[in-house]
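Worksheet: one structure, shown below.
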Amino acid sequence: MIDLCIKNCKISAENDLCSINIEQGKIIDITKIPLKAEKTIDAKGNLVLPGLIDVHVHFRDPGLTYKEDFKSGSESAANGGFTTILDMPNTIPPTNTVKNFQEKLKIASKKSIIDFGLHAGVSDLKEIEKITNLNPASFKIFMDTVNSSFLNEAFKAISELQKVENTDINKENNTKKPVITIHAENKDIVNHCTDQIKSKEENNPSDYALARPSVAEEVAVAQAIALANHYQTKIHFCHISTDKSLKMIKSSKSFLNNISSEITPQHLFLDSSSFKKFGNLTKTNPPLREYSEKISWENLSKIDLIGTDHAPHSIEEKKKGVWDSSPGIPNLEVVLKLLLTKYHAKKISLDSIKRLLCENPAKIFNLKNKGFIKIGMDADLVIIDLKREGIINSEEFYSKAHYTPFEGMTYNGAPIMTICRGKLVMENNDMYQNQGIHVYP
Ligand code: NCD
Ligand code: ZN
């Protein structure tokens, strides 16, 4: 008798229905006929994907828990079909010392209902060697907050580090060096342009995109590519917003093995015309771009992964005007629904959704046993009803942030069950208790 059998699963378009058999949180067999189990879930012929992985979330815990915390954030993730998240370091205190990293590990281990890893911040370069021993998902550098000399020193210092534990799952990626995760916006250009635009007599929400122009991102991308090449580091670009940035990253793959790009739902689905409709609600860093500059659906095949950059703030903080409102958008509970809707519109395939939200995140961030439905892997699964229709309603979010620029949009296709290491954590938007674990032990 096994622990759990999920029968009548459609795991790919070509294959017949199958049963996924689970023991101690792992997939032990995939069979035609269901095995005898203590608990059986009937997937009823629905699509089953590997549990989604979000490599870019801001759960605000500790320090900013009025915006989100590890419980609300992880429930929001489970509601969106995610079974693993990697949390960003810009909390209070920031995750940039061993002490703070350990403190956040404790909080997440207690509150997270799905599995998690933590990105580490980079400030005191003496700390990063010690943090490496705790296996951070990456070292995150916000280029909009540091100058070039620090950036150079940080790349150099990180390039000299070796990870203690090697959790590599694919051979091409088989070095123990930590990943550097980059927020690519050049600080000087952003500061200069912000001062210029602010000095205008009147400002409106779309001015934010002029204050942080495309060229600020593109200069930062070029600089980070040069540094990664010089110091031979792994590099991952967060929330790329322009087609030119993407082209640079794509062409540098000819000389850099470990370089990857991420796009957020807002940069994929929206453009700067949204400022008119949603005002500062769509304020985010980097800002939304003109339609002609943004990354098109046709170029999505060149992107390595989708990260939601789930960045919740209180609604009061979002309403403080062009300059004082907080940048960021909560996305965990909308991204899969939006993509499934685009699948029906023939803009994206189910295989691409799997590549962008399951397989590549696992490969790029060395998430052992995650991202694939295969024997031996963690039983992280999301069951999807491709025919479920509805309207995006932020009141239903588990996130503490109850707003979205996708409010009122009709969707077609939704996650109906989320299973993390063999435990049902979400069923039809209801949450079950579960204990997430650190994915880099
Ligand atoms: C993020 C946040 O709120 O923490 N905001 C954002 O607009 N993306 C920070 C970040 O990822 O840059
Ligand atoms: Zn960022």
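Both counts, for ligands and for their atoms, begin at 1 and track the order of listing.
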Taking the side chain as every heavy atom from C-beta outward, state whether Gln223 and Asn186 have any pair of such atoms under 4.5 Å apart. yes
Going through the distances and angles, do His183 and Phe237 end up as a ring pair (Phe, Tyr, Trp, His ring centres under 6.0 Å)? CA-CA 7 Å; His183 176 122; Phe237 285 97; over 10 Å; no
Which part of Ile329 is near ligand 1, with near meaning a heavy atom under 4.0 Å away: side chain, backbone, both or neither? neither
Where's the contact between Asp309 and ligand 1, heavy-atom distance under 4.0 Å: side chain, backbone, both or neither? side chain
Should the proximity of Lys283 to ligand 1, defined as any heavy atom under 4.0 Å, be assigned to the side chain, the backbone, both, or neither? neither
Under 4.0 Å to a heavy atom of His183 - the qualifying atoms of ligand 1, by number: 10 (C), 12 (O)
Distance-only side-chain donor-acceptor flag, Ser138 / His119, under 3.5 Å: yes
So if I count the atoms of ligand 1 from 1 in the order they appear, which ones are less than 4.0 Å from some heavy atom of His239? 11 (O), 12 (O)
Taking only heavy atoms of Gly328, which atoms of ligand 1 are found under 4.0 Å from at least one of them? 6 (C), 7 (O)
His56 N/O/S atom closer than 2.8 Å to the Zn ion (ligand 2): no
Could you see which bit of His313 sits under 4.0 Å from ligand 1, with heavy atoms only: side chain, backbone, both or neither? side chain
Any N or O of Ala311 closer than 3.5 Å to N or O of ligand 1: no
Select one of side chain, backbone, both or neither to describe which atoms of Lys67 lie under 4.0 Å from any atom of ligand 1, heavy atoms only. neither
Mind checking whether Asn285 has an N or O less than 3.5 Å away from an N or O of ligand 1? yes
Any N, O or S atom of Cys238 closer than 2.8 Å to the Zn ion (ligand 2): no
